[in-house]
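Residue numbers count from 1 along this sequence.
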Amino acid sequence: MSEYLKEMKSKRISLKIAAMVGTVEIIAMTALFLIINHSLTKVLENKAMSDMNIIARDRAQVVESYIMGCCDFLTGYSRSPTIREGFTKRDDPIARNKLHEVTMSYASGRSDTEGLYIAKWDTFVLEHTNPKSVNTTFRNKENAKILEETIKSKGKAFCSGIARAPVSKKMVIPVYAPVFDENKNAIGFAGGAFFTDALEKKLAPFSDNNIGYSVIDTNTNEYIFNENSQLVGQKCTDPLLLENLKNFKSRENKSKTVSFRSEESVISCYFMDDKNWVFVVEDSNENAFGIVRSVRTILAAICIFITVILLLFFGFSVEYTMHPIRDINKQIENFKARDYSHSDIINKYLSRDDEFGAIANAVKELHGVLENQYQLFFELLEAQTVGTLVTDLEDTNIILVNKMALKLWGIPPEKKATLTMNDIKSRFDKEETEKIANVRALAKISKEEIVYETSVMHDNGKKIHLLSHAKCANLSNGDRVIIFSFIDISAQKKLEANLVVLSETDSLTQICNRRSGEYKVKKAVIEGKYGMFCLFDANKFKSINDGYGHSAGDKVLIEIANCMKKTFRDTDILIRLGGDEFVVFAQGIESQKIGTQVLDRFMNNISNINIPELNGHKISISLGAVLVSDNEDFPQMYSKADSLMYECKQRGGNAYKFY
C-alpha cells in the first residue's frame, strides 16, 4: 500500500502537466473553431450572395435576349418593301392584298405572336392579323402623338414593357418599330405583341421552386413581369426593395447587380440599363444559407473529435515523458554525496517529496560551488559593449542576455527579470523575424559563425540597424545553444542610404535619374504593377537655351519636375532621362479615361509655369502615353511613347496622345 501511495505522489507533476496541456489544447481548438467558422461562414455566405447575382443576371439575359429577338423580328417586318407600299398604295387592292399576305406570312412564322400590324402616326391601322382591327384607330390624338414622338426618338424597334392584351387577356410584350420610306423618313410604324408564355418557357430551365423572380420598371416601380400574373401592373410595396432600388439607380459604380438581405430572405437585383428595368430574384435565408449550418455542424464535430484524440495523446505523452525524470533522480541522489557549500535560495523546494524536490536538494549543494563562478561571468557579460543573447536550440527559452542587448532592442533594463522570447520577437517586424528564424535554422546545421544584418524598432519610432552574429555551441552537459551578438551600425547604414540616394537622383530636378528610374519601372512591371507610361519633352527647348541662357533652361527643367511632383502621386516613378526628356510611370492607371483626367491636370499645370526670365514665354510639352497591361520591357514602352510624342510635335506640340 505504501508503495502505491509513493507511486501516486510521484505522478502529481504528470497530472498537473496533463491538465495544463489539456486546458491549453481545448482553448486552442475552441479558438480555431471560432476562427475557421467565422471565415468559412463569411466565404459561404458571400458565395450564396454571388450565386444569387448570377441567377438574376442569367434570367435577366434570357429576358433581354427574347425581347431583342422580338425587336429583330419586328424590324424585319417593318423594313419589307411591301410594308412601305402599304402606306403609299393603300387604296390599291392589289397592294392591300400583298400587304395582308406579307403580314400573315410574318405572323405565321412565330407561334408566340398575339398580333402583328402597321399603322399611321394617328394609330389608324392599315393592316392587322386580326381583320376586325383594320381601319380602326386605337389611341386618342394626345396618346398617338406621344407614341409617335417615342418611336421617332428611338429610331429602331423597341419594347415598351409588358402588359395585358385587351383582346386575349393574356400577358404580352408590346414592340414598336418605325417604317421608313425610300428617303429614310419615318412614315408610320409597325407594331406587334408577343406572348410572355414563350418567355416563361425560356426561363423554365433556370427555374427553382424556392426562388421567386419578377421584373420591375424603375421609373414607376410597377411590376411588368412576375410569377404571379396578378401583380403585373401593380406598384411594388416592399419598402426594403424600394429603398435598395432607389440607391441602385443613383449608384456611381458600373456594377449591374446588387444583393441584400431581409429578416426572411435574400434578394438580388440585376439592372437592365437600356430599359430601366430591374430583374429581381428572391430566396429564403433558410434555403440560401442552409449549407452554412451544415458545414458548421460538421466542423464542430471534427474539432471535438480532434480535441478528444489530442487529449488522449497528450495524456499518454506526458506520462511517458516523466519516466526519464525518475532515472535522473537516481543519478542526482548519488551526486548529493559530494560536499558543496550550502545556499538558502532554493530552501522552499527542499521539503517537496516529488522529483523536483530531489533535484532541488542536489542543486542546492551545487549552488555554492557555482555561485562565485557565475557572478564573475555575469559581471564580465554586463561589462561588454556588444549585445549578447543565448537561447536554447528551439528558440523557446532565454538562457542569458546582457544589458547592452536590451539597450540595442530598446527594452528597459527593469524588464530583464520577466523577459521572454516573445518580448524580443515583438521588437522585429515580420520580415526580420523570418530572417532570424532562417539564420537560426542555418546555425543549427552549420559549424561556422553566421553573420547577418537586421533592424529593430524602438518605442519612440527610432529604427536601429544591427550587425549580428549567430553560432551554435555544444555545452559540456550535451545541451546545444545558439549564441547571438549584436552591434549598432545605424550610422553606417545612414551613410550608405545617403550615398544610394545621391547615386539614384538627378541633381538638378531631384527626381530619379535615368539609371535608377529605368530600373524601378522594370521592377514594377515584372512584379505586375502595371500602369501608364508617359514620355515627354519641352517644345523648342533648344531655342530657350539659346535665347535666354542655360540658367533659364535649367529653371524650365526644374519647374517641369515640380509640375510632375504636383500632378502625380508619391508612389509614381518620376524620371529625367536627360536633357529635356522626362518619363512618368503612374502605377494603377490602366484606363484611358482616368489617364486623360491625370494628363489634363498635368498639361494645365505645365501651362501655368511662369519664369520671369522668359519674358512671358509659355512652356509646353509633347507627350506620348502607353497603357501597360502586360510584361513589356523599357525599350518597348519607350519606343511606343516616343512615336506618339513625335506625332504630337508634328501637330504643333502642347498635346498628348495615347497608344
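Each of V134, T113, L116 was checked for a side-chain contact (heavy atoms from CB on, under 4.5 Å) with T129, and the lone residue meeting it is L116.
Donor-acceptor pairing under 3.5 Å is recorded for the side chains of Y77 and T103. A donor and an acceptor atom, one from each side chain of Y66 and D112, are located under 3.5 Å apart.
Of all heavy-atom pairs between L623 and C648, the closest is O-SG, 3.5 Å.
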- Message: Apply ring-ring contact (aromatic ring centres under 6.0 Å, His included) to residues Y117 and F138 and explain how you reach the verdict.
- Response: CA-CA 12 Å; Y117 65 93; F138 60 90; 5.7 Å; yes
- Task: List the steps, then state whether ring-ring contact (aromatic ring centres under 6.0 Å, His included) holds for Y659 with F533.
- Result: CA-CA 10 Å; Y659 186 79; F533 181 93; over 10 Å; no
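You'll find the side chain of Y656 reaches within 4.5 Å of the side chain of T596, heavy atoms only. Counting heavy atoms from C-beta on, the side chains of I67 and W277 come closer than 4.5 Å. At a threshold of 4.5 Å between non-hydrogen side-chain atoms, the residues V278 and Y270 do not count as touching.
Between R576 and E581 there is no salt bridge, since no side-chain N of the basic residue sits under 4.0 Å from a carboxylate O of the acidic one.
In this structure, K152 satisfies the cation-pi test against W121, with its NZ or CZ atom closer than 6.0 Å to the six-membered ring centre and inside 45 degrees of the ring normal. For the pair R84 and F180, the cation-pi test (distance below 6.0 Å, angle within 45°) is failed.
Residue K565 qualifies as enclosed at atom NZ: its count of foreign heavy atoms under 6.0 Å is above 12.
To the nearest 0.5 Å, the span separating CZ on F568 from CE on M532 amounts to 5.0 Å.
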